[in-house]
Amino acid sequence: MSIKTIAVLGAGLMGSGIAQVAAQNGFQVHLVDLTFELIEKGLHRARRSLQRLEKAGKIPAGSTETVLSRIQGFIDLEAAAEDADLVIEAVPENLELKKNIFRRLDVVCRPEVILATNTSELSITAIGAATQRPDKVIGMHWFNPPPVMRLIEIVIGRNTSPETVATIEDISQRLGKETVRVKDAQGFVTSRVLAAHMIECMRVLEEGVASIEDIDKAVKLGLNYPMGPFELADYVGLDTMLFVAENLTEAYGDRFRPPQVLRKLVEAGHLGVKSGKGFYDYTKN
Ligand SMILES: CCCCCCC[C@H](O)CC(=O)SCCNC(=O)CCNC(=O)[C@H](O)C(C)(C)COP(=O)([O-])OP(=O)([O-])OC[C@H]1O[C@@H](n2cnc3c(N)ncnc32)[C@H](O)[C@@H]1OP(=O)([O-])[O-]
Ligand SMILES: NC(=O)c1ccc[n+]([C@@H]2O[C@H](COP(=O)([O-])OP(=O)(O)OC[C@H]3O[C@@H](n4cnc5c(N)ncnc54)[C@H](O)[C@@H]3O)[C@@H](O)[C@H]2O)c1
């Protein structure tokens, strides 16, 4: 099947970036969120990113608006998905929410359409089982920021077919990304490994070993990571971090137990860069 139109569900940090990358590579995009304000916010993020790429000479001069014109906003999931050739879901990290959305997609999408999820760690098999097409349900795990990060982690559910894997590998390549194949184990490779690192850094903080700033500096300069753990946590979103840590704890036990410092920030509504405050305060500059 030739893929021309991609429906992207969720216009948040990831959905807006995924929509941008798809549009940059010539696909028509149907971008869905709960309100047009949220879609506008996502398009604004994509516009800023495209302008940055344009300024750096990574996309042709003057192409920002052409790319954005390929993205159409929808608040009606069914209307956005009914003529899509591929769906990529990027709504919040909640299994029941994702299963419910996949159930609805299964009714409205043509039988041959692949339904991919950008979940950070949830079970692809469980999401697939909410549909009558588990062979066409797959994990397509992108990284933040999607326009810059080079990998898509392809997660193969128990019933995902080899044809679906091959199609998604091909599409990922057309989107300019490298891929790895991963079995459907909670947290896959990347989220499980990253969570272990970030949660340990929060424990180091809670034990008073060093300050937020010095832990970030130590990890960046001493270990050569591009971002310190607290900068990265704020960038990923602390709500997402907490959802992931809770789900990994359910799967693997106490070693992923969310630190109190993370839980309290989320309870206070401090979700990181996207809300203006997290481990750091972004409202000051
Ligand atoms: C407990 C639970 C844990 C698990 C959580 C879930 C994890 C999740 O599922 C997976 C993830 O995403 S994990 C997270 C995975 N993510 C990570 O781990 C990210 C780690 N961080 C990094 O890799 C780097 O800090 C960045 C690439 C973000 C920025 O780079 P930098 O050097 O610090 O700063 P710079 O100099 O400003 O930018 C450099 C170049 O990039 C360009 N650019 C940047 N943003 C852009 C955008 N939005 N658009 C377009 N372009 C953008 C910029 O123009 C520049 O281009 P130039 O041509 O060279 O001038
Ligand atoms: N933030 C990251 O670094 C990152 C990286 C890789 C994967 N992920 C995963 O991607 C998914 C989205 O994460 P995010 O960071 O973009 O979250 P986000 O909170 O920035 O965005 C989620 C968006 O989904 C919208 N939404 C909620 N319910 C919806 C519905 N029923 N229909 C359509 N839209 C709906 C929300 O309004 C919001 O705009 C999660 O599964 C997360 O684990 C996140």
Side-chain angles (χ1 to χ4, degrees), residues 7-21 24 31-35 37-42 45-59 73-78 80-81 88-98 100-101 104-105 117-122 127 139-153 155 187-202 219-220 225-229 231-249 256-259 262 271-275:
V8 177
L9 312 185
L13 286 180
M14 295 306 292
S16 62
I18 294 168
Q20 175 192 331
V21 174
Q24 269 176 249
L31 181 61
V32 188
D33 210 304
L34 300 174
T35 66
E37 288 72 24
L38 288 164
I39 294 168
E40 270 313 310
K41 214 170 145 191
R45 196 178 294 114
R47 176 174 281 108
R48 276 203 329 247
S49 168
L50 287 163
Q51 286 166 345
R52 226 171 141 174
L53 294 171
E54 212 182 300
K55 216 168 154 193
K58 291 179 183 163
I59 58 171
F74 287 79
I75 52 170
D76 179 337
L77 174 83
E78 277 73 16
I88 305 176
E89 167 275 314
V91 305
E93 189 73 350
N94 176 298
L95 184 59
E96 286 315 309
L97 173 65
K98 290 188 193 277
N100 183 35
I101 283 184
R104 286 169 63 190
L105 289 170
T117 170
N118 183 48
T119 178
S120 294
E121 42 77 44
L122 293 168
I127 295 171
M140 201 179 178
H141 183 208
W142 295 62
F143 297 85
N144 191 17
V148 175
M149 301 296 285
R150 293 167 55 208
L151 186 71
I152 292 177
E153 189 176 33
V155 189
F188 323 135
V189 171
T190 54
S191 297
R192 186 167 163 185
V193 169
L194 181 64
H197 159 70
M198 293 177 90
I199 289 170
E200 200 57 33
C201 289
M202 289 179 206
V219 168
K220 274 191 295 188
Y225 283 39
M227 281 183 175
E231 289 173 336
L232 184 58
D234 279 354
Y235 193 64
V236 164
L238 302 187
D239 49 346
T240 300
M241 295 277 302
L242 182 59
F243 293 141
V244 172
E246 280 172 342
N247 293 333
L248 289 175
T249 304
F256 290 105
R257 183 173 39 82
L262 175 62
L271 307 182
V273 178
K274 68 181 169 188
S275 76

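In this text, all values refer to a predicted model and were calculated from it rather than measured experimentally. Numbering of ligands and ligand atoms starts at 1, following listing order.
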Problem set entry | Flag side-chain contact, heavy atom, 4.5 Å: H197 against P229 | yes
Exercise. Does a side chain donor of either R45 or S16 reach within less than 3.5 Å of an acceptor in the other side chain?
Worked result: yes
Problem set entry | Check: T117/E89 side-chain N/O donor and acceptor closer than 3.5 Å | yes
For this session: Enumerate the atoms of ligand 2 whose separation from the nearest heavy atom of K274 is less than 4.0 angstrom.
Result: 18 (P), 19 (O), 20 (O)
Problem set entry | Numbering as shown, the atoms of ligand 2 that approach G10 to under 4.0 Å (heavy-atom distance) | 24 (O), 34 (N)
For this session: Show the numbers, then the answer: is there a side chain to side chain contact (heavy atoms under 4.5 Å, CB included) between E246 and M241?
Result: CA-CA 9 Å; E246 280 172 342; M241 295 277 302; over 6 Å; no
Between [X] and [Y] (side chain of the first, backbone of the second, donor and acceptor by atom type, cut-off under 3.5 Å), is there such a pair?
X	Y	result
S191	S120	yes
N144	Y235	yes
N118	W142	yes
E153	M140	no

Answer yes or no: is there an ion pair linking [X] with [Y], defined by an N-O contact shorter than 4.0 Å?
X	Y	answer
E231	K220	yes
E121	R192	no
D239	K274	yes

Any idea which protein heavy atom is nearest [atom], and the distance to it?
atom	result
atom 1 (N) of ligand 2	V236 O, 2.8 Å
atom 30 (C) of ligand 2	L34 CD2, 3.5 Å
atom 8 (N) of ligand 2	S120 OG, 3.3 Å
atom 5 (C) of ligand 2	M14 SD, 3.4 Å
atom 41 (O) of ligand 2	E93 OE1, 2.5 Å
atom 31 (N) of ligand 2	I101 CD1, 3.6 Å
atom 21 (O) of ligand 2	G12 CA, 3.3 Å
atom 24 (O) of ligand 2	P92 CD, 3.5 Å

Problem set entry | Selection from L9, T240, V91 by shortest heavy-atom distance to atom 40 (C) of ligand 2 | V91
Exercise. Out of D33, N118, D76, whose heavy atom is nearest to atom 10 (O) of ligand 2?
Worked result: N118
For this session: Check the pair V32, V8 against side chain to side chain contact (heavy atoms under 4.5 Å, CB included), reporting the backbone distance first and the verdict last.
Result: CA-CA 6 Å; V32 188; V8 177; over 6 Å; no
For this session: Just do the side chain to side chain contact (heavy atoms under 4.5 Å, CB included) check on F243 and N94 with the steps written out, would you?
Result: CA-CA 8 Å; F243 293 141; N94 176 298; 5.9 Å; no
Considering only N or O atoms, set out every pair between ligand 1 and the protein closer than 3.5 Å, with distances to one decimal place.
| residue | atom | partner | partner atom | Å |
| --- | --- | --- | --- | --- |
| ligand 1 | 9 (O) | S120 | OG | 2.6 |
| ligand 1 | 9 (O) | H141 | NE2 | 2.7 |
| ligand 1 | 12 (O) | N144 | N | 2.9 |
| ligand 1 | 16 (N) | N144 | O | 2.8 |
| ligand 1 | 37 (O) | R52 | NH2 | 2.6 |
| ligand 1 | 45 (N) | R52 | NH1 | 3.3 |
| ligand 1 | 49 (N) | S49 | OG | 2.6 |
| ligand 1 | 54 (O) | R52 | NE | 3.1 |
| ligand 1 | 56 (O) | K58 | NZ | 3.0 |
| ligand 1 | 58 (O) | K58 | NZ | 2.6 |

For this session: Would you please test L34 and I75 for side chain to side chain contact (heavy atoms under 4.5 Å, CB included) and show each step?
Result: CA-CA 5 Å; L34 300 174; I75 52 170; over 6 Å; no
Is there a heavy atom in [X] that sits closer than 4.0 Å to ligand 2?
X	result
K98	yes
G237	no
L38	yes
F143	no
H141	yes

Exercise. Do you know which two heavy atoms are closest between L238 and A233, and how far apart they sit?
Worked result: CD2-O, 3.4 Å
Seminar exercise, completed: So for W142 against ligand 2, with non-hydrogen atoms under 4.0 Å, the contacting part is backbone
